[in-house]
Number of protein chains: 2
Amino acid sequence: MLQISRKGDYAIRGMVYLASQPVDKVSLLSDIAAKMEVPQTFLAKIFQQFNKSGLVKSYRGAGGGFKLGRPAENISLLEIVETVEGPIVPNRCIMAAGICSRDISCTVHPVWKEVQKSMREILSSVTLKHLAGR
Amino acid sequence: MLQISRKGDYAIRGMVYLASQPVDKVSLLSDIAAKMEVPQTFLAKIFQQFNKSGLVKSYRGAGGGFKLGRPAENISLLEIVETVEGPIVPNRCIMAAGICSRDISCTVHPVWKEVQKSMREILSSVTLKHLAGR
DNA sequence: TTGTACGGGACAAAAAAGGTCTTATTGGAG
DNA sequence: CTCCAATAAGACCTTTTTTGTCCCGTACAA
Ligand code: SF4
Ligand code: SF4
């Protein structure tokens, strides 16, 4: 449908929340989920991914929670989206050469490449710093 | 998944085929499907939509088939895609105000608006004339 | 050692994608 | 006027993806 999934949107919401907290503050998942209106168990899964990729750092046990893995200005929207949704590819044939047998001669192929480039440029130019409501 | 569906890609293939034929030539669905490597019955559905929207003109019975409903230079990729996939909306909240209750204060919302604008600009600037293999 | 909070995996309902099948309808040619 | 060619329309179907939930394990602090 050429549209981001809820997972992607929820992921961004969660990260924006963390970015809007005091630096190094550890936030409870339940707080993040409530404030950003995201199903908590779903967000848990998303943050597990982020923890593995290093985008967030998690702490278990009492007093545990999540905080950003890096300064907000070093985390782009593109990285968040691609971590949960996979690479931004507006059409199958952009993923890799040969996936569509027609790609070599196809006149439409370059257009999708341009769309991809443009999207990546926009998303990579926006960081959590920009998004954190002040 | 932020990706065009096969339906959308097939739709484009079919239209590019028509655009690369002599003007006013009526092409058989079976020929289009074979040449462009698209499941014929699926393409039939797509072209029915196009016929209703006026993007193609169909002729039934012996000697029937399809041709473009307008000159190739007046049909953009954007129009083709939006006819089969619906409006280009990179996130739900772009469809209409109020779909996401957070849209008014959301700092991410404007970014998706920009993504939408950029995609629509690229796709509307490409016409079937540009895509028809010479 | 107990309660809190995240980690990981299995599970599942609902929606969307990707087609197929059958039965009209229409129009041309004999 | 009758057959055949070709699209129209709609019902139907299967597979994949999305959108979550549940349960149990593990870590950690008081
Ligand atoms: S745009 Fe061209 S190359 Fe890409 S999937 Fe479609 S036909 Fe293949
Ligand atoms: S980007 Fe903001 S407004 Fe749009 S759906 Fe996400 S939270 Fe809502």
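In what follows, chains are A, B, ... by sequence order, proteins preceding strands, each numbered from 1.
Rounded to whole angstrom, the span from the CD atom of A:Q49 across to the C1' atom of D:dG20 amounts to 14 Å. In this entry the distance linking CD1 of A:I32 with P of C:dA5 reads 12 Å, nearest Å. For the pair A:Q48 CD and D:dC23 C1', the computed distance is 13 Å after rounding to whole Å. At whole-Å resolution of the value, NZ in B:K57 and C1' in C:dT26 are 13 Å apart. Nucleotide C:dC6 holds its P atom 14 Å from the CD1 atom of A:I46, rounded to whole Å. Going from atom CG of B:D31 over to atom P of D:dA5 covers 15 Å, rounded to whole Å. Following rounding to the nearest Å, A:L43 (CG) and C:dA5 (C1') show an atom-to-atom distance of 14 Å.
The 12-atom threshold is exceeded at NZ of A:K25, counting heavy atoms of other residues, nucleotides or ligands nearer than 6.0 Å.
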Write out a two-atom table: protein N or O, nucleotide N or O from nucleotides 16-20 of chain C, distance below 3.5 Å.
| from | atom 1 | to | atom 2 | distance (Å) |
| --- | --- | --- | --- | --- |
| C:dA17 | OP1 | A:M1 | N | 3.4 |
| C:dG18 | OP1 | B:R6 | NE | 3.4 |
| C:dG18 | OP2 | B:R6 | N | 2.9 |
| C:dG19 | OP2 | B:Y10 | OH | 3.0 |
| C:dT20 | OP2 | B:T41 | OG1 | 2.6 |

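Cluster membership check: A:M1 does not share its hydrophobic cluster with B:I80, using side-chain heavy-atom separations under 4.5 Å among Ile, Leu, Val, Met, Phe, Trp and Tyr.
Listed pair B:N51 / D:dT7 fails the phosphate criterion, with no side-chain N or O lying under 4.0 Å from OP1 or OP2.
In summary, of the residues considered (B:L43, B:D31, B:I12), a side-chain contact (heavy atoms from CB on, under 4.5 Å) with B:Y17 occurs for B:D31 alone.
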Identify each donor-acceptor pair in which a side-chain atom of residues 92-106 of chain A lies under 3.5 Å from a protein atom, sequence neighbours left out, and give them as a table.
| from | atom 1 | to | atom 2 | distance (Å) |
| --- | --- | --- | --- | --- |
| A:R102 | NE | B:E37 | OE1 | 2.8 |
| A:R102 | NH2 | B:K35 | O | 2.7 |
| A:D103 | OD2 | A:G98 | N | 2.8 |

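With hydrogens and angles ignored, no donor-acceptor pair under 3.5 angstrom links the side chain of B:R60 to the base of C:dT26.
Summarising the geometry, atom CG belonging to A:L68 is positioned 9.5 Å from atom CG belonging to A:D24; distances are rounded to the nearest 0.5 Å. Note that NZ of B:K129 is 10.0 Å distant from CG of B:N74, once rounded to the nearest 0.5 Å.
At the heavy-atom level, A:Y59 lies under 4.0 Å from the strands shown only through sugar-phosphate atoms.
A ring-ring contact (aromatic ring centres under 6.0 Å, His included) check over residues 24-61 of chain A, counting only residues at least two apart or in different chains, returns the pairs A:Y10-A:F42, A:F47-A:F50, A:F47-A:F66.
Out of D:dA8, C:dC6, C:dT4, the shortest distance to the side chain of A:F66 is found at C:dC6.
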